[in-house]
Amino acid sequence: MLNLFIIGPSGCGKSTQAKLIAQKYNLTHFSTGQLLRNEIAVKSDIGLKAKSFIDNGNLVPDEVVYEILTTNLAKINYQNFIIDGFPRMLSQGQYIENFLQQQKQPLDLIIHLDVTFEEISARRAKMGIEFQDKERTDNTPEAMAARQKFYDDNNDAIMNYFASKNLLFRVDGNRPIEPIFADIDQKISTLE
Ligand code: AMP
């Protein structure tokens with residue numbers, strides 16, 4: 001059994017890594033951002049509540065994210081997953097820690113992709129606007145700056161908290177996909 005989380009700044013490549021990890025270790029991959037975008041697409045109550053926050057690059061209120069996340073975790077009996085894009089605040093980290101404890105499930109590891117703002121900007125410039133995810137309505141410069149600020153304001157607290165519990169794995173994400181995955185893979189293989 002393996003219950004994992006992957007976090008990092010917006011545009012760091014966490015979804016790409018999460019998919020590779022899910023494939024190799026046969027885990028369910030949930031992205032909180034994608035779950036929210038799915039709700040927006042079907043115009044559900046949750047989607048309607050979340051849309052303006054997402055479009056402006058702000059964090060969606062906790063109760064909305066918790067509902068969508070726990071509903072989806074319930075479908076897989078709260079086990080064997082990799083969640084991407086959560087926690088984004090220390091309070092979210094403490095919430096999920098308590099929640100999993102109540103479900104008698106471990107929280108095995110939080111993977112943090114260390115990617116500099118310069119690297120993310122360079123990747124965006126290289127990709128160009130035409131290759132951006134067309135489904136996303138939050139790729140405006142203002143929304144991207146807001147996302148980066150939320151990350152900068154909250155990340156140290158999350159990392160310090162989980163590092164103190166020996167649950168944090170930091171990986172240098174300023175590299176191509178394969179060596180990043182190799183490092184993560186090696187770490188996960190020590191958990192099984
Ligand atoms: P992402 O796909 O991870 O870049 O997330 C896109 C957007 O979804 C974010 O900018 C937030 O508005 C929202 N979102 C995703 N995950 C969370 C979360 N854990 N807490 C609050 N908002 C979130």
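Counting starts at 1 for both ligands and their atoms, following the listed order. Small disclaimer: the values here were computed from a predicted structure and weren't measured.
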Q) Are there more than 12 heavy atoms of other residues, nucleotides or ligands under 6.0 Å from atom CG of D45? A)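 Incorrect, the count does not exceed 12.
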Q: Classify the ring geometry between F86 and F5 as parallel (under 30°), tilted (30 to 60°) or perpendicular (over 60°).
A: tilted
(Q) Please determine whether side chain to side chain contact (heavy atoms under 4.5 Å, CB included) holds for the pair H112 and I110, giving the CA-CA distance in whole Å, both sets of side-chain angles, and the decisive distance to 0.1 Å. (A) CA-CA 6 Å; H112 183 271; I110 308 251; 5.6 Å; no
Q: Check whether any side-chain heavy atom of Q186 sits under 4.5 Å from a side-chain heavy atom of T190, and report yes or no.
A: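 Result no, sub-4.5 Å side-chain heavy-atom pair not found.
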Q: May I ask you to test the P106-M1 pair for a side-chain heavy-atom distance under 4.5 Å?
A: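 The answer is yes; the side chains approach within 4.5 Å.
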Q. For ligand 1, what is the set of protein residues having any non-hydrogen atom at a distance below 4.0 Å?
A. K14, T32, G33, L36, R37, I54, N58, L59, V60, V65, G85, F86, R88, Q92, R136, D138, R147
Q) What closest approach, in Å, do F53 and L59 show between heavy atoms, and which atom pair accounts for it? A)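 Shortest heavy-atom contact: CD2-O, 3.5 Å.
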